[in-house]
Amino acid sequence: MPRRSTPQVQPTLFEGQDASREPRELPAAPASLELDSHAEVAPGTLRRADGELRTVRKPVEMAVLEPKTRRITLWSRKAWLLLVSYSLTTDPAKIADGMVWRVPVKTLMRDACFSSRDHAHIKDSIRECQRTLVEWSESVRNSQTGEIRTWASSQLLGSVEFVTNAAGRECIEWSLPPTLLKELRAYQHYYMLSLGVVAQIGLNSTLSLYEIVCRYRTNPSGLTMRRPWQEWVSILTGESDESARIRSQIRYGRHKAEARERYGEFRYFNRDVVQKAVKELNAVQDEFLVEPILIKEGRAVRELQFRIQPRKPSAVSRRETLSEQEQSAVDSAVSVGVSEKVARGLVRQYGSEGVRAGVEDAERSSGLQNPAGYVVAQVRAGGQAKALPRGSGPATRRPPTPEEGMRLALEGFRASRVESAKAHWPELPVEVQDDYLQRFEAFARERYPYLLRDFAATKLKKPIVRANFFQWLAETVANESGPGWTPSAEQLVAHLVAQVDTAALPPAPTGAAKPRR
């Protein structure tokens with residue numbers, strides 16, 4: 001952070017000073033200074049060479065913003081996030097009263113994917129950032145000083161001006177509160193946030209959840225913080241309790257509003273906020289899956305947290321599994337309005353020729369209200385009409401790539417280890433079983449806390465507990481006395497060969513002894 005300039009003041013007369021000497025005249029500070037040319041944000045500051053929005057860093061303390069006054073909407077949060085990103089990537093202009101940044105309005109609207117020309121809406125969104133007081137999560141311990149700043153509160157933005165520069169270009173000029181700027185620049189730990197995903201999000205609750213999930217993605221347990229569900233209301237909705245109370249008083253009257261609890265029951269908050277945010281967040285990105293975890297006391301939900309699970313590599317790298325011809329068919333379907341995810345599924349299921357034929361039919365047909373739906377219907381109808389008899393399907397499908405073959409072999413190996421663990425579990429001595437159960441309980445306390453109540457009450461009787469236990473047991477045994485949970489390619493091949501040899505053996509006689517239980 002640049003060193004602050006010392007304010008210039010009139011010198012004071014001390015004892016023994018010659019009063020006849022006139023004080024040195026100080027130069028008056030200019031009313032305003034022109035912005036340096038490098039202070040204006042360049043159009044591609046937040047974009048990569050291919051034009052896509054970048055991934056930016058944010059301090060972990062700023063992941064959870066809790067409004068204490070007013071409310072912060074989706075566009076306010078997006079505008080603030082972009083202005084902060086500009087501030088961290090562009091040198092400020094030093095003026096007489098501090099530091100300011102400037103960005104063309106067109107650049108901000110393009111990066112926010114805001115297609116309207118209604119500048120009044122942008123002003124309203126920025127005004128919300130100025131009058132909203134927020135608090136964020138406690139800071140980590142400073143390794144050098146040992147201090148922990150346990151509470152931070154600030155406005156989101158300082159002064160903001162709309163400026164038309166000498167070239168006639170409309171710009172936004174802003175400053176940041178000193179406390180907020182210090183937190184943004186002097187952070188100890190940070191998390192990564194994709195602005196491309198932010199631009200696709202359409203719900204305020206989804207954007208709030210996305211920032212929290214990005215903050216906790218590197219947590220070994222894969223879990224976010226755990227809080228009473230009532231505290232999640234202001235975090236996900238972006239509306240403070242004060243704002244909600246005022247809005248309720250306007251709608252229902254003062255006395256009735258005081259008797260009403262916000263969302264009343266968890267099921268309404270879960271239906272209207274949590275589920276919608278989780279569904280959209282899982283749809284706009286393909287890196288991880290988010291799942292809410294409900295912590296109950298009896299039948300009532302008391303606390304809420306979220307689990308983050310990385311998606312399978314096949315879901316992340318789908319583009320590499322398509323040939324050039326298949327990718328061309330996907331691109332042609334996307335050009336008429338079909339989503340890329342649906343187009344890839346059609347190509348895999350019905351082939352590139354069927355998809356291309358459906359697109360050509362849609363282009364030849366005039367007056368279609370929904371060309372994307374027409375293409376999907378045509379491809380599916382043509383695929384069902386040309387369906388081959390059972391047994392001839394493998395000849396028409398694309399053979400798996402070596403990477404897919406290894407993935408399938410690994411899945412088969414792990415499934416066989418789980419089945420083996422289930423089969424041999426009754427044969428283990430009681431003391432060995434007790435040892436495994438105690439180790440699993442310690443593991444579940446850290447990784448699957450929601451299983452502890454069922455595990456303590458019924459041990460392995462519930463299906464969800466049994467599934468997680470034998471998955472853990474198979475992985476533990478494989479790592480301790482086997483080839484490991486992720487064996488080498490040679491070990492996978494040996495496993496496949498052993499399966500083939502076992503399948504070729506004659507069936508065991510019906511009188512074979514069964515294992516003792």
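Keep in mind that the numbers below use all heavy atoms, side chains included, and drop hydrogens, waters and symmetry copies. Because the structure is a prediction, the values reported are computed rather than measured.
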Q) Taking the six-membered ring of Trp75 as reference, does the NZ or CZ atom of Lys78 fall below 6.0 Å from its centre and within a 45° cone about the axis? A)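 Yes, Lys78 lies over the aromatic ring of Trp75.
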
Q: Begin with the C-alpha distance, continue with both residues' side-chain angles, and end with the deciding distance and a verdict on side chain to side chain contact (heavy atoms under 4.5 Å, CB included) for Phe306 and Val274.
A: CA-CA 10 Å; Phe306 295 87; Val274 176; 4.0 Å; yes

Q. Going through the checks in order, is the side chain to side chain contact (heavy atoms under 4.5 Å, CB included) test met by Trp174 and Ile126?
A. CA-CA 10 Å; Trp174 75 95; Ile126 293 177; over 6 Å; no

Check: [Y] and [X] side chains under 4.5 Å, non-hydrogen atoms:
{"X": "Asn204", "Y": "Thr237", "result": "no"}
{"X": "Leu53", "Y": "Val198", "result": "no"}
{"X": "Ile295", "Y": "Trp229", "result": "no"}
{"X": "Leu81", "Y": "Lys58", "result": "yes"}
{"X": "Ser328", "Y": "Arg356", "result": "yes"}
{"X": "Val290", "Y": "Tyr210", "result": "no"}
{"X": "Phe266", "Y": "Leu294", "result": "yes"}
{"X": "Phe269", "Y": "Gln230", "result": "no"}

Q: May I ask you to decide if the ring planes of Phe440 and Phe455 are parallel, tilted or perpendicular, using 30° and 60° as cut-offs?
A: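 Ring orientation, 0 to 90° scale: perpendicular.
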
(Q) Whether the Thr73 and Glu128 side chains hold a donor-acceptor pair (N or O, under 3.5 Å, no angle test) is what I'd like checked. (A)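 Distance-only check passes for Thr73 and Glu128.
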
Q | Residue of the set Leu82, Thr90, Val41, Thr55 for which side-chain contact (heavy atoms from CB on, under 4.5 Å) holds with Leu46 | A |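 Exactly one candidate clears the test, Leu82.
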
Q) To the nearest 0.5 Å, what is the distance between CD (Glu265) and CZ (Arg271)? A)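 Between atom CD of Glu265 and atom CZ of Arg271 there are 10.5 Å.
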
